[in-house]
Protein chains: 2
Amino acid sequence: IVEVKGLVKKYRVGSEIITALNGVDLQIEKGEFLAIVGTSGSGKSTLLNMMSGLERPTKGEIWINNVLLNKVKEKDMAAFRRSYMGFVFQSFNLLGSLTALENAVLPLVLQGVGSRERTQRGKELLKTLGLEKRMLNKPNQLSGGQQQRVSIARALINNPKIIFADEPTGNLDTKTTKEIMELLTSTIKKNGQTLVMVTHDWDVAAYADRIVHMVDGVIINEEKKGGV
Amino acid sequence: IVEVKGLVKKYRVGSEIITALNGVDLQIEKGEFLAIVGTSGSGKSTLLNMMSGLERPTKGEIWINNVLLNKVKEKDMAAFRRSYMGFVFQSFNLLGSLTALENAVLPLVLQGVGSRERTQRGKELLKTLGLEKRMLNKPNQLSGGQQQRVSIARALINNPKIIFADEPTGNLDTKTTKEIMELLTSTIKKNGQTLVMVTHDWDVAAYADRIVHMVDGVIINEEKKGGV
Ligand SMILES: Nc1ncnc2c1ncn2[C@@H]1O[C@H](COP(=O)(O)OP(=O)(O)OP(=O)(O)O)[C@@H](O)[C@H]1O
Ligand SMILES: Nc1ncnc2c1ncn2[C@@H]1O[C@H](COP(=O)(O)OP(=O)(O)OP(=O)(O)O)[C@@H](O)[C@H]1O
Ligand SMILES: [Mg+2]
Ligand SMILES: [Mg+2]
């Protein structure tokens, strides 16, 4: 459902050129849970941003569900993403003036879902994430891990075909992480959703069907579940 | 060097009262490395904010180096903190318009240190954190883990007596985490600095002299190094 070919991404900083991705090829099956691991600065977030159309590559192709992302115009990109994808960002990106519940149901607002249904679905999902008593809190009234769970709720609420998650458990303790991973894996298996997750936590990567390792902008290794 | 007695913190959200800290007593020795662990929402960041004077308690006393923080006036608080403390925040809090180097040396600017010395000390510290090639990048040109390392540099640059670190390795891979923890522990041992660190990572907590566990706003358990 996702394919990248020969992906290169360079940034200019002053007079320097930084190569964030140096030729990445990757194929992800529908319904697969893929974990991406690697050292800080190795290009994981950049790869995720390419696959989700949040940024354009310098070279290479990105295919989502047989659509060539490179050809999708900027004005159509947001709508394309909303119809297919959910995101958990490495730095949450919640709206400070909205409550946890309002933040979680934002994708449904953008899809024109009615207020009553939004509230019901939002409450249900936040409850499974342990946030039942924090729904009316604003982000600055939430702990770091609670904010992270709100951003997870927002990524899941519209049952997207592909979920891109950038370190979604970095601010969670071991017990909460386990609860979230159980919830995530059972949800995506039940709905046939695809999950692409960047993580630094090997216990989290262990839930995946496949793990790819990145170093200096390339994929150097791959492990399948049940493999060595 | 740090003591809290009977610490209570409540927040009002709409018509509800949330109790973030429900009676905390804690004594931290000079030169000690204390780790604080606990579930998401258990009150760790709130406790850190109380100890560092970033927020006022509802009840209870906070003593820093024999100064009763409750009695320090708001207008004097910032100067008091600058002279004693360094912080790594759970959400980095870097200034977006400044480079990594400028962000790292900000405490020195506020202390009136000259430009040449600031640049030299900043470069040296960023180099030990593996950011030698990223010093002129702005935060939005850095990976999550690189931003986290800049905020660690900022906390260390003025050799503060007490370092408060809220999940400083959450965005770092295992190898980088190990390098940071080796650097941190050797630095504080050499300089006789006190380190109070919130973490969800048990491998990180293992570096500490003592670990306290929090649940629902209270400390429920304590372990000393070499203990069971
Ligand atoms: N400004 C605030 N207003 C209302 N409630 C708050 C506020 N700050 C914190 N809280 C609540 O206090 C509790 C403790 O928050 P705190 O940030 O200390 O947790 P934490 O242990 O650091 O969690 P995490 O591991 O997720 O970072 C949480 O339930 C949170 O919702
Ligand atoms: N907008 C940008 N401008 C310049 N350089 C950038 C930009 N975004 C990322 N980089 C650089 O590209 C490299 C890869 O960044 P990326 O965010 O993908 O790393 P990462 O693997 O997600 O790291 P982390 O684990 O620390 O989050 C880094 O060295 C970073 O400095
Ligand atoms: Mg990243
Ligand atoms: Mg916290």
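Reminder, nothing fancy here: chain letters follow the sequence lines and each chain counts from 1.
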Student: My understanding is that only residues two or more places apart in sequence, or in another chain, count here; which of them pass side chain to side chain donor-acceptor pair (under 3.5 Å) with B:D203?
Tutor: none
Student: With a strict 4.5 Å heavy-atom criterion, list every residue of residues 118-140 of chain A that contacts chain B, or say none.
Tutor: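 Listed by number: A:R134, A:L136, A:N137.
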Student: Under 4.5 Å heavy-atom distance to chain A, tell me which part of B:L142 shows up: side chain, backbone, both or neither.
Tutor: neither
Student: If you round to the nearest 0.5 Å, how far is CG of A:D173 from CG of B:D201?
Tutor: 12.0 Å
Student: A quick test of your reading: do over 12 heavy atoms of other residues, nucleotides or ligands sit less than 6.0 Å from CD of A:E16?
Tutor: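 No.
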Student: Checking B:Y84 now: which residues fulfil side chain to side chain contact (heavy atoms under 4.5 Å, CB included) with it, not counting sequence neighbours?
Tutor: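 B:Y84 satisfies side chain to side chain contact (heavy atoms under 4.5 Å, CB included) with B:N65, B:F80, B:K161 only.
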Student: Work out which heavy atom in B:N171 is nearest to a heavy atom in A:H200; give both atom names and the distance.
Tutor: O-NE2, 3.0 Å
Student: Using non-hydrogen atoms only, which part of A:Q141 is less than 4.5 Å away from chain B: side chain, backbone, both, or neither?
Tutor: side chain
Student: Pick from A:T176, A:L172, A:T177: which one has the most heavy-atom pairs with chain B under 4.5 Å?
Tutor: A:L172
Student: Suppose a student defines contact as a heavy atom less than 4.5 Å from any heavy atom of chain B. Which residues in residues 37-46 of chain A would they list?
Tutor: A:G38, A:T39, A:S40, A:G41
Student: Looking at A:D216, I'd like to know if its CG atom is crowded, meaning that more than 12 non-hydrogen atoms belonging to other residues, nucleotides or ligands lie closer than 6.0 Å.
Tutor: no
